[in-house]
A.B. asks: 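Below is one structure. I have some questions about it.
Remember, it's 1-based here, ligands and their atoms both numbered in the order they're listed. Below, all heavy atoms of this structure are taken into account, side chains as well, without hydrogens, waters or symmetry copies. One is the number of the first residue; the rest follow in order along the sequence.
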Amino acid sequence: MMRIGVLALQGAFIEHKNVLTRLGVQPVEVRLPEHLEGLAGLIIPGGESTTIGLLAQKWGLLEPLREFARSGQPLWGTCAGMILMAKEVVDGVPGQPLLGLMEITVRRNAFGRQVDSFEADLPVSVLGNPPFHAVFIRAPVIERVGAGVEVLAALEDGTAVAVQQGNLLATAFHPELTRDDRFHRYFLKLAK
Ligand code: GLN
């Protein structure tokens with residue numbers, strides 16, 4: 001049975017575990033470097049990116065997570081997880097620990113207070129039809145897409161909200177909060 005890790009320091013990790021279980025994969029809660037052993041991939045959930053980053057630093061996980069990604073294992077960050085994976089963050093907390101894996105610049109809390117949470121149907125070519133119903137919660141956006149990064153989904157105004165760079169996947173929204181598991185299945189294909 002394929003084992004997929006979910007970083008379980010803070011945030012929406014239980015929801016990701018539930019989807020993985022539904023898809024016949026064994027989810028593994030990752031809190032320490034040794035929990036990464038034997039995993040076919042890892043999901044970094046949404047939550048609060050500063051908190052997740054500081055806890056990862058405290059438990060000595062930052063470098064092992066970078067190593068995991070560099071070895072070619074698939075890594076997927078949703079929302080706060082996407083922030084952690086970015087090389088650059090705008091409007092972050094000064095000094096907030098990042099993994100710095102993807103050639104993207106991400107703006108935290110990009111939608112301000114009035115519309116800090118909303119839902120949108122996004123065409124995602126790698127998922128086919130119908131469009132993907134995406135839930136945004138105090139979401140970041142991707143402001144710069146660097147070399148080697150492919151945009152998988154964008155809002156109507158062209159703002160990128162899902163990207164892939166080889167084995168690295170990042171979504172500004174929360175696929176684990178809907179019944180549509182196509183993004184999880186897409187990620188599992190990278191893990192095979
Ligand atoms: N606003 C959060 C942050 O900056 C992310 C929100 C989320 O993960 N739903 O970390």
A.B. asks: Please test Asp91 against Arg108 for salt bridge (Lys or Arg N to Asp or Glu O under 4.0 Å), starting from the C-alpha separation and ending with a verdict.
C.D. replies: CA-CA 6 Å; Asp91 286 348; Arg108 265 185 94 183; over 6 Å; no
A.B. asks: Against Phe111, only a single residue in Thr159, Val141, Ile137 fulfils side-chain contact (heavy atoms from CB on, under 4.5 Å); can you say which?
C.D. replies: Val141
A.B. asks: Answer yes if the ring centres of Phe173 and Phe183 are under 6.0 angstrom apart, and no otherwise.
C.D. replies: yes
A.B. asks: What protein heavy atom lies closest to atom 1 (N) of ligand 1? Include the residue and the distance to one decimal.
C.D. replies: Asn109 OD1, 2.6 Å
A.B. asks: Give yes if a backbone or side-chain nitrogen or oxygen of Pro140 is under 3.5 Å from a nitrogen or oxygen of ligand 1, and no if not.
C.D. replies: no
A.B. asks: Please determine whether a side-chain nitrogen of the Lys or Arg among Glu15 and Lys17 lies less than 4.0 Å from a carboxylate oxygen of the Asp or Glu.
C.D. replies: no
A.B. asks: Report yes if Thr78 has an N/O atom closer than 3.5 Å to an N/O atom of ligand 1; otherwise report no.
C.D. replies: no
A.B. asks: What do the steps show when you test Glu63 against Arg70 for salt bridge (Lys or Arg N to Asp or Glu O under 4.0 Å), and what is the final call?
C.D. replies: CA-CA 10 Å; Glu63 204 41 45; Arg70 273 190 224 116; 3.3 Å; yes
A.B. asks: Can a donor-acceptor pair be found, under 3.5 Å and without considering hydrogens, that links the side chain of Arg66 to the backbone of Leu99?
C.D. replies: yes
A.B. asks: Under a 4.0 angstrom heavy-atom cut-off, which atoms of ligand 1 come close to Glu48?
C.D. replies: 10 (O)
A.B. asks: Within the structure, does Ile83 bring an N/O atom to less than 3.5 angstrom of an N/O atom in ligand 1?
C.D. replies: no
A.B. asks: What protein heavy atom sits nearest atom 10 (O) of ligand 1, and how far off is it?
C.D. replies: Ser49 N, 2.6 Å
A.B. asks: Return the residue, atom name and 0.1 Å-rounded distance of the protein heavy atom closest to atom 2 (C) of ligand 1.
C.D. replies: Gly47 O, 3.5 Å
A.B. asks: Give yes if a backbone or side-chain nitrogen or oxygen of Thr50 is under 3.5 Å from a nitrogen or oxygen of ligand 1, and no if not.
C.D. replies: no
A.B. asks: So is there a nitrogen or oxygen of Gly46 less than 3.5 Å from a nitrogen or oxygen in ligand 1?
C.D. replies: no
A.B. asks: Could you check whether any side-chain N or O of His35 sits under 3.5 Å from a backbone N or O of Leu32, counting only pairs where one atom can act as donor and the other as acceptor?
C.D. replies: yes
A.B. asks: Counting non-hydrogen protein atoms only, what is the nearest one to atom 7 (C) of ligand 1? Give residue, atom name and distance.
C.D. replies: Cys79 SG, 2.7 Å
A.B. asks: If you take the nearest heavy atom of each of Gln96, Arg108, Arg138, which one is closest to atom 3 (C) of ligand 1?
C.D. replies: Arg108
A.B. asks: Between Glu176 and His184, does the side chain to side chain donor-acceptor pair (under 3.5 Å) criterion hold? Intermediate values first, please.
C.D. replies: CA-CA 8 Å; Glu176 78 285 7; His184 286 79; 5.5 Å; no
